[in-house]
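Encoded as structure tokens, the structure appears first; notes follow it.
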Amino acid sequence: MLKEYHVKLIQQGNIQTLTIPKELKITTSSVIIHQEDDKLIIEPLRQKSLLKVLSTLEPLEEDFPDIDEGLLPLDDIEI
């Protein structure tokens, strides 16, 4: 069964605010809000992982220069 909460909207100039009950606490500081018909939908903004973002990129077709070209060889260090 869905539990309902009745909250008051507070009007401050052109901005409306509402207090979210602690039982519905969202663990993020950013949300996405949109309206569907007469419903207001609030969803937590979920950050994509870097791996997920990188997996959507197309492979690069470029040849990268050899950045070690022309450098002196490394010295062997004995500890």
Check: Between atom CD of Gln12 and atom CG of Asn14, what is the distance when rounded to the nearest 0.5 Å?
Finding: 11.5 Å
Checklist line | Spatial distance of atom CG (Leu24) from atom CD1 (Ile42) [nearest 0.5 Å] | finding: 9.5 Å
Notebook entry, point to check: Is it the case that one hydrophobic cluster holds both Leu51 and Leu57, taking links as side-chain heavy atoms less than 4.5 Å apart, direct or via other members?
Noted result: no
Item checked: Exercise: identify the closest heavy-atom pair between Thr56 and Val53 -> OG1-O, 2.6 Å
Notebook entry, point to check: Distance from Leu18 atom CG to Lys8 atom NZ, nearest 0.5 Å?
Noted result: 13.5 Å
Next item on the list: Using a cut-off of 6.0 Å, state whether more than 12 heavy atoms not belonging to Leu9 lie near its atom CG.
Entry: yes
Check: How far does CG of Leu45 sit from CD1 of Ile32, to the nearest 0.5 angstrom?
Finding: 5.0 Å
Next item on the list: Answer yes or no: are there more than 12 heavy-atom neighbours, outside Ile15 itself, under 6.0 Å from its atom CD1?
Entry: no
Notebook entry, point to check: Any donor and acceptor pair, going by atom type alone, linking the side chain of Asp66 with main-chain N or O of Asp68 inside 3.5 Å?
Noted result: yes
Check: Can you list the residues that meet the side chain to side chain contact (heavy atoms under 4.5 Å, CB included) rule with Leu50, with sequence neighbours excluded?
Finding: Leu54
Notebook entry, point to check: For Thr19 and Val7, which heavy atoms make the closest approach, and how far apart are they?
Noted result: O-CG1, 3.4 Å
Next item on the list: Evaluate the criterion side-chain contact (heavy atoms from CB on, under 4.5 Å) for residue pair Thr17 and Ile10; output intermediate values, then yes/no.
Entry: CA-CA 5 Å; Thr17 59; Ile10 301 168; 3.5 Å; yes
